[in-house]
K.L.:
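I'd like to ask some things about the structure below.
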Amino acid sequence: MLYDTRAREISKFIPIKNNQVSIYLCGPTVQSSPHIGHVRSAVNFDILRRWLNELGYKVSLVRNVTDIDDKILNKAVVEKLEWFELAYKYEREFTNAYQLLNVLPPTYEPRATGHITQMIELMEKLIENCKAYAPGNGDVYLSVRSLDSYLTLSRQNIDDLQSAADADDRFKKDVRDFALWKGAKPGEPSWPTPWGPGRPGWHLECSAMAFAYLGESFDIHGGGLDLIFPHHENEIAQSEAAGYGFAKRWMHNAWVTQSGEKMSKSLGNTMQVTELIKQVRPIELRWYLGSAHYRSMLEFSPNALQESAVAFTRLENFLNRAKEILENISDNQLSAEFSSAMNNDLAVPEAIATIYEDLRLGNVALQESNKTELQIRANAIRSALRILGVDPFTATKSDARNQETLSGLVKLAIAERKAARERKDFVTSDEIRDKLANLGITIEDTPNGVRWIQN
RNA sequence: GGUCGGAUGGCCGAGAGGCGAGGCUCGGGACUGCAAAUCCCGCUACACGGGUUCAAAUCCCGUUCCGACCUCCA
């Protein structure tokens, strides 16, 4: 069961092709550094993708990069970079952020500028269908009143729209018509077309690339809530006017807010991914971003982020403890409760509640040395964390090697402390513990011996 | 003005007619040289006013407050 923005209801998800799911996700316009609003979207859809995979579907996910647009051109002037240099710089930042947060790479990641040919073909088709026109100034416009389905996603009435105060309607047949293509201006990059040199409008790339990689119809189109209008509405207009079925289902993630407001430029700096991973580990940031329901606003505060990180550490600690006792912890033994929550429009908060129940019972099993029960709970938790993209046991090789070294050093200190405690020299033993604590290592004396945790 | 969403306990965050999700914080207890960890018990709710119903946080009507989008390219 998944929600569909267009129908405004949750319904059973049935893919067009058996066992295959095609998803088009609106990726970033690479004009600034990624902030957590951007990556929340990526994390939400990554969880969707992992879950569909888990259900046995082969998922094709295309996430575009819009690397030409007004903002990029303006920003390039400000930063004194070539527009493509700027776009590529930020594209790399996005890629890094995705990797850091363990977002699976898309099946393909097409760039707008690489698909000019497909855009021209689409425009030719639209003009042929009498849905678009080129008034001769180099622009190409879509005639929105020629479409029955226009504004059915956002449910607005075309006459109720406020027209932009600064709209240029000299060439438009209707002020609401939007530019598929923009005629070249001096100093701007351009590509040749039958209507003169120019560059893509904002919406055309998505229709062209979705068609190129997913065909006339595909299962799910995703993106942020703020893209519903005009971006997605215009995509629908372009694609349906060309005669394509386009997206069968629309999914939109809500944003990260601060004091109830959508993130804006003034907040942008502190909300950047590179800043936040100085406060918590990337895996904790991902846990935080994924923990709210994808259609709910996530009210950000540094405190909430910290608390979320602490909560995640509890899960991690449990798995580490379990690992000391069990030979192997499976990442493929989900509980029925977790699965049923996920099947209900990705009810992650409910799914997480089931994880905590497993955690409680797992800890009890740990205390009672009930290995069978421990195995069940540990399997369920690790499997669930894997689906959410935060399996603590998937570490890189360099991590593993450093971990070995660290482990050896800490064990030396623990041996010293143990000797001190055996001669009741608690001053020394506490000093060792405090010093380790200052380095971020917590010591626990348990009935089964001493354990340590890196904070 | 149009369209859409929201208001839940100290904080975060689910639920959508009937046994008060969950997490963090806080209080009490068990355990412990002390701590930590863990477990057990407990506290604080559904913006406001009406209505429907045996029963409303949930449905209906109204009100208040908050937020988003309304097409860049003059």
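Every chain is numbered from 1 and lettered A, B, ... according to where its sequence line falls, protein lines coming before strand lines.
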K.L.:
If we ignore angles and hydrogens, is there a donor and acceptor under 3.5 Å between the side chains of A:W202 and A:D70?
P.N.:
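No - no donor-acceptor pair under 3.5 Å links their side chains.
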
K.L.:
For nucleotides 27-36 of chain B, give me one character per nucleotide, 5' to 3': B if any protein heavy atom sits under 4.0 Å from the base, S if the only such contacts are to the sugar-phosphate, - if neither.
P.N.:
------BBBB

K.L.:
Report which part of the nucleic acid A:A179 touches: base, sugar-phosphate, or nothing (heavy-atom distance under 4.0 Å, all strands).
P.N.:
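It contacts base atoms.
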
K.L.:
Measure from CD on A:E188 to P on B:C72 and round the result to the nearest Å.
P.N.:
15 Å

K.L.:
Looking at A:R321 and A:E324, is there a salt bridge between them, counting it only when a charged N and a carboxylate O are closer than 4.0 Å?
P.N.:
no

K.L.:
Yes or no on salt bridge (charged side-chain N to carboxylate O under 4.0 Å, His left out) for A:E79 and A:K89, after CA distance, side-chain angles and deciding distance?
P.N.:
CA-CA 11 Å; A:E79 294 197 22; A:K89 173 182 138 186; 2.9 Å; yes

K.L.:
Under 4.0 Å between a side-chain N or O of A:R314 and OP1 or OP2 of B:U38?
P.N.:
yes

K.L.:
For A:I355 and B:A21, give me the distance from atom CD1 to atom P, rounded to whole Å.
P.N.:
19 Å

K.L.:
Sticking with atom P, work out how far B:U58 lies from B:U53, rounded to a whole angstrom.
P.N.:
16 Å

K.L.:
For the backbone of A:P28 and the side chain of A:Y90, can you confirm whether one donor and one acceptor N or O come within less than 3.5 Å of each other?
P.N.:
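Absent.
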
K.L.:
Is it true that A:R63 and A:D46 have a side-chain N and a carboxylate O under 4.0 angstrom from each other?
P.N.:
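Looking at A:R63 and A:D46, the cut-off is not met.
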
K.L.:
For side-chain hydrogen bond (donor to acceptor under 3.5 Å, both in side chains), just list the numbers for A:E337 and A:T354, CA-CA rounded to whole Å, side-chain angles, deciding distance to a tenth of an Å, and then say yes or no.
P.N.:
CA-CA 7 Å; A:E337 292 79 13; A:T354 75; over 6 Å; no

K.L.:
Does a sphere of radius 6.0 Å around NZ in A:K411 hold more than 12 heavy atoms from other residues, nucleotides or ligands, not counting ones at 6.0 Å or beyond?
P.N.:
no

K.L.:
Can you tell me the distance, in whole Å, between the CG atom of A:L227 and the P atom of B:U71?
P.N.:
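For the pair A:L227 CG and B:U71 P, the rounded distance is 15 Å.
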
K.L.:
Taking for each residue the nucleotide of RNA chain B with the nearest heavy atom, is it A:V310 or A:Y150 whose nucleotide lies nearer the 5' end?
P.N.:
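Nearest nucleotide further toward 5': that of A:V310.
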
K.L.:
Under 4.0 Å between any heavy atoms, over every strand shown, what does A:K424 touch: base, sugar-phosphate, or nothing? Just pick one.
P.N.:
nothing

K.L.:
Could you tell me whether the side chains of A:T257 and A:E299 share a donor-acceptor contact shorter than 3.5 Å?
P.N.:
yes

K.L.:
Without decimals, in angstroms, what is the distance between A:L361 CG and B:G22 P?
P.N.:
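In whole Å, B:G22 P lies 13 Å from A:L361 CG.
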
K.L.:
Rounded to the Å, how far apart are A:F338 CZ and B:A21 C1'?
P.N.:
15 Å

K.L.:
Between A:K75 and A:D69, is there a salt bridge with N-O shorter than 4.0 Å?
P.N.:
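Salt bridge: no.
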
K.L.:
Distance between the P atoms of B:C59 and B:G18, in whole angstroms?
P.N.:
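So the two P atoms sit 11 Å from each other.
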
K.L.:
If I pick the C1' atom on B:A16 and the same atom on B:A21, what distance separates them, to the nearest angstrom?
P.N.:
13 Å

K.L.:
For the pair made of CG in A:D139 and P in B:C73, what is the distance, rounded to whole Å?
P.N.:
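Distance, rounded to whole Å: 12 Å.
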
K.L.:
With a 3.5 Å cut-off and heavy atoms only, can you find an N or O donor on one side and an acceptor on the other between the side chain of A:K182 and the base of B:C72?
P.N.:
yes

K.L.:
Is the CG atom of A:N438 crowded by more than 12 outside heavy atoms at less than 6.0 Å?
P.N.:
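Result for CG/A:N438: enclosed.
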
K.L.:
Would you kindly give the CH2-to-P distance between A:W287 and B:G23, to the nearest whole Å?
P.N.:
11 Å

K.L.:
Any base atoms under 4.0 Å from A:Y356, or only sugar-phosphate, or nothing? Heavy atoms, all strands.
P.N.:
sugar-phosphate

K.L.:
Taking the C1' atom in each of B:G49 and B:G29, what is the distance between them to the nearest angstrom?
P.N.:
45 Å

K.L.:
Watson-Crick or G-U wobble partner for B:A16, using a 3.5 Å limit on both distances?
P.N.:
none

K.L.:
In whole angstrom, give me the gap between the P atoms of B:A14 and B:U64.
P.N.:
28 Å

K.L.:
Return the value, rounded to whole Å, for the distance between atom CD1 of A:I352 and atom P of B:C24.
P.N.:
12 Å

K.L.:
For nucleotides 2-15 of chain B, give me one character per nucleotide, 5' to 3': B if any protein heavy atom sits under 4.0 Å from the base, S if the only such contacts are to the sugar-phosphate, - if neither.
P.N.:
BSS------BSSS-

K.L.:
Need one value for A:N317: base, sugar-phosphate or nothing, where a base atom within 4.0 Å counts as base even if backbone is also close, heavy atoms only.
P.N.:
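No contact at all - A:N317 keeps every heavy atom at 4.0 Å or more from the nucleic acid.
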
